[in-house]
*Asks:* 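Would you mind keeping the following structure in view while I ask a few things?
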Amino acid sequence: MKNSIRGLLVLVGLCAASLCWVDATQWVDAATGFPQVGSVWMRYGAWVVLCVLAVLASGLSVRRPAALARRSWSIAVTEIFVSIVYTLAGVLHAAMTIPKIQLMLKNGTLIYNQQEKITQYIAFFTQNCAADSLIALFAWLGAWALGTQAVFWLKNHGDSEPAGGIYFGMLSILYPCALALERFFAHTSSVYRVYHILQLCSVMIVMLFLLSLLRICFFPETGKARSCTRNGLLCFYLGTCCEFVFSLAQWCAGRLAIGELAVSGVIGAIGVLGLVCALCCINPEEKE
C-alpha cells in the first residue's frame with residue numbers, strides 16, 4: 001500500500017508536468033504569458049487540486065518523531081544534487097556581472113580625476129552589480145549549508161544534528177528569499193499572467209519547505225513530518241512540475257535567458273528534494 005501511494009503521487013506530478021508543457025507550448029502566448037485557450041481559472045483550479053492532494057497526502061505521514069531519526073541515503077544524495085545546482089546558479093549570477101565590470105573598467109580609463117573615478121566605481125557597483133553579486137554569494141552559502149545537511153543524513157543516528165547549528169542551516173534559505181524579493185519587485189504580474197503568479201508562489205513554498213526540513217533536522221522531537229510532507233509535495237508539484245517545465249518551454253522557444261532558466265532549475269531541484277523527503281515520511285501503515 002505504501003509503495004502504491006508513493007507511486008501515485010509521483011504519477012500525478014508527471015501528469016501535471018506533461019499538461020504544463022502542453023499548456024506552455026500550445027495554449028499560452030509565449031510573448032506575453034496570457035492564456036489563449038481556456039480560462040485562467042481552470043489553471044488556478046488545477047493548482048488548487050494539486051495543493052489539496054498534497055495536504056491529503058500529508059495525513060499519511062509518520063507520526064512518531066523517532067521514525068525520522070534515521071539515516072537516509074536518498075535525502076543525502078538529493079541534497080548533494082541541490083547543492084551542486086545552487087553552486088552552478090551562483091556561478092551564473094556572478095558571470096552576469098563580468099560584462100558590466102568590464103564596461104565599467106573601460107569607461108573608468110576615461111576619467112582622470114582619482115576621487116571621481118572611485119565615486120563612479122562605487123555608484124556603478126551598487127546600482128548594477130550589487131544584486132547579482134549578493135545573490136551569487138547567497139547561492140554559494142546555501143550550497144555549503146545543504147552539503148552539511150547531506151553529511152548529516154549520511155550519518156544520522158537519531159542523537160545528532162547537522163554541523164554548524166540551526167543558524168548555519170538557515171543559510172540555505174537566503175537564496176530563495178533573495179529570489180522572492182527580486183520576483184516581487186521585478187515582475188509586473190496580473191491574475192491573467194498565471195505563470196508569473198506561479199513563480200511568486202513557488203519560491204514562497206520553497207522557503208516553507210526548507211524551514212520544515214530544518215525543523216526535522218534540528219527538532220525531530222516536535223514530530224512535524226506532516227508539514228514537511230505537505231510542503232515538499234507542493235514544492236514538487238508547483239516548483240518542479242509547473243514552474244520549471246514552463247521555464248524550460250520558454251527557454252526552448254528562445255524567450256528565456258540561461259540565467260533565468262538556472263533560477264527555475266534551482267526551484268525545480270528543491271522540488272525534487274521535497275518529493276524525496278515526502279516519500280520518506282509517508283507511511284500509512286505506521287501505528288500510533
Side-chain angles (χ1 to χ4, degrees), residues 13 16-17 20-21 24-25 28 30-31 33 77-102 128-147 149-150 171-189 193 195-210 213 232 234-276:
C20 185
W21 177 269
T25 55
V28 172
V77 171
T78 311
E79 282 200 325
I80 292 173
F81 166 69
V82 176
S83 67
I84 293 174
V85 177
Y86 260 64
T87 304
L88 294 177
V91 171
L92 286 175
H93 279 290
M96 291 171 63
T97 66
I98 294 177
K100 300 177 182 179
I101 293 175
Q102 289 176 341
N128 296 276
C129 303
D132 287 328
S133 301
L134 193 60
I135 291 176
L137 177 61
F138 287 165
W140 293 329
L141 291 175
W144 187 11
L146 287 170
Q149 288 184 34
L171 294 176
S172 62
I173 308 177
L174 291 178
Y175 183 69
C177 286
L179 292 182
L181 289 174
E182 183 183 39
R183 289 180 174 183
F184 180 78
F185 288 111
H187 283 193
T188 55
S189 299
R193 304 181 73 180
Y195 286 100
H196 287 228
I197 299 295
L198 174 68
Q199 289 176 334
L200 292 173
C201 295
S202 62
V203 72
M204 301 298 292
I205 294 170
V206 161
M207 289 190 290
L208 289 177
F209 164 67
L210 292 176
L213 186 59
L234 286 175
C235 273
F236 176 65
Y237 290 149
L238 299 185
T240 306
C241 301
C242 293
E243 178 189 332
F244 177 69
V245 171
F246 174 75
S247 298
L248 186 62
Q250 289 283 89
W251 180 73
C252 292
R255 298 188 177 274
L256 198 69
I258 187 65
E260 297 178 7
L261 178 64
V263 171
S264 292
V266 173
I267 302 296
I270 297 176
V272 174
L273 176 61
L275 174 67
V276 172

*Asks:* Could you pull out the closest heavy-atom pair between A143 and T87, with the gap in Å?
*Replies:*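 That would be CB-OG1, 3.3 Å.
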*Asks:* For the atom pair CH2 (W144) and CG (L141), what is the distance rounded to the nearest 0.5 Å?
*Replies:*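 CG of L141 is found 7.5 Å from CH2 of W144.
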*Asks:* Are any of the side-chain heavy atoms of F246 and L198 separated by less than 4.5 Å?
*Replies:*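 SC-SC contact between F246 and L198 ruled out.
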*Asks:* Passes side chain to side chain contact (heavy atoms under 4.5 Å, CB included), L238 versus I205? Steps please.
*Replies:* CA-CA 9 Å; L238 299 185; I205 294 170; 3.4 Å; yes
*Asks:* Answer whether the closest heavy-atom distance between the side chains of I258 and W251 falls below 4.5 Å.
*Replies:*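 Contact flag for I258/W251 side chains = yes.
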*Asks:* Got a sec, which residues hit salt bridge (Lys or Arg N to Asp or Glu O under 4.0 Å) with E243, two or more places apart in sequence or on another chain?
*Replies:*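 Salt bridge (Lys or Arg N to Asp or Glu O under 4.0 Å) check on E243 returns R183.
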*Asks:* Show the numbers, then the answer: is there a side chain to side chain contact (heavy atoms under 4.5 Å, CB included) between F244 and L261?
*Replies:* CA-CA 8 Å; F244 177 69; L261 178 64; 4.2 Å; yes
*Asks:* Which atom names give the shortest non-hydrogen contact between G13 and C241, and what distance separates them?
*Replies:*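 Closest approach of G13 to C241: O-SG, 3.1 Å.
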*Asks:* Pair V263, E182 - check side chain to side chain contact (heavy atoms under 4.5 Å, CB included), show working.
*Replies:* CA-CA 11 Å; V263 171; E182 183 183 39; 5.5 Å; no
*Asks:* Quick check: do W140 and V91 have side-chain heavy atoms less than 4.5 Å from each other?
*Replies:*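 The answer is yes; the side chains approach within 4.5 Å.
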*Asks:* Ignoring hydrogens and angles, tell me if any N or O in the side chain of Y86 forms a donor-acceptor pair with the backbone of A145 under 3.5 Å.
*Replies:*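 Flag not set: sc Y86 to bb A145 has no pair under 3.5 Å.
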*Asks:* So which atom in A89 and which in Y175 form the shortest heavy-atom distance, rounded to 0.1 Å?
*Replies:*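 Minimum heavy-atom contact is CB-OH, 3.7 Å.
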*Asks:* I need the minimum non-hydrogen distance between I135 and A178, along with the two atoms involved.
*Replies:*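 Distance-wise, the nearest heavy atoms are CG1-CB, 3.9 Å.
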*Asks:* Do the side chains of V206 and V266 get nearer than 4.5 Å, heavy atoms only?
*Replies:*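 No - every pair of side-chain heavy atoms lies 4.5 Å or more apart.
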*Asks:* Indicate the atoms forming the closest heavy-atom contact of P176 with L210, along with that distance.
*Replies:*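 It is CG-CD1, 3.9 Å.
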*Asks:* Can you name the nearest heavy-atom pair linking Q149 to S172, along with the distance?
*Replies:*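 Nearest heavy atoms, Q149 then S172: NE2-OG, 4.1 Å.
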*Asks:* Within a reach of under 6.0 Å around CH2 of W21, are more than 12 heavy atoms found that belong to other residues, nucleotides or ligands?
*Replies:*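 It does: W21 CH2 has more than 12 such atoms within range.
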*Asks:* Measure the CE-SG distance between M204 and C177 for me, rounded to the nearest 0.5 Å.
*Replies:*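 M204 CE to C177 SG: 8.0 Å, rounded to 0.5 Å.
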*Asks:* Return yes if some donor-acceptor pair links the side-chain N/O of S202 with the main-chain N/O of Q199 below 3.5 Å, else return no.
*Replies:*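 Yes, because the side chain of S202 sits within donor-acceptor range (under 3.5 Å) of the backbone of Q199.
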*Asks:* Could you give the distance from OG (S247) to CD1 (I267), rounded to the nearest 0.5 Å?
*Replies:*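 Between atom OG of S247 and atom CD1 of I267 there are 9.5 Å.
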*Asks:* Quick check on side-chain contact (heavy atoms from CB on, under 4.5 Å): which of L179, L181, I270 does V203 satisfy it with?
*Replies:*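 When L179, L181, I270 are each tested with V203, the side-chain contact (heavy atoms from CB on, under 4.5 Å) holds only for L179.
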*Asks:* With side chains defined as the heavy atoms from C-beta onward, is the minimum distance between L273 and F236 less than 4.5 Å?
*Replies:*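 Answer no - side chains too far apart.
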*Asks:* Rounded to the nearest 0.5 Å, how far does OG of S264 lie from CG of L248?
*Replies:*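 Output value for this atom pair is 9.5 Å.
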*Asks:* Could you state the interatomic distance from CG (L134) to CG (L174), rounded to the nearest 0.5 Å?
*Replies:*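 That separation rounds to 8.5 Å.
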*Asks:* State the NE2-CG distance between H93 and L88, to the nearest 0.5 angstrom.
*Replies:*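 Result: 11.5 Å between the selected atoms.
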*Asks:* Does a side-chain heavy-atom distance below 4.5 Å link F81 with V77?
*Replies:*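 When only atoms from C-beta onward are counted, V77 and F81 do not touch, as no gap falls below 4.5 Å.
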*Asks:* Do C20 and Y195 have side chains that approach each other closer than 4.5 Å (heavy atoms only, starting at C-beta)?
*Replies:*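 Yes, their side chains come closer than 4.5 Å.
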*Asks:* Can a donor-acceptor pair be found, under 3.5 Å and without considering hydrogens, that links the side chain of S83 to the backbone of I80?
*Replies:*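 Yes, because the side chain of S83 sits within donor-acceptor range (under 3.5 Å) of the backbone of I80.
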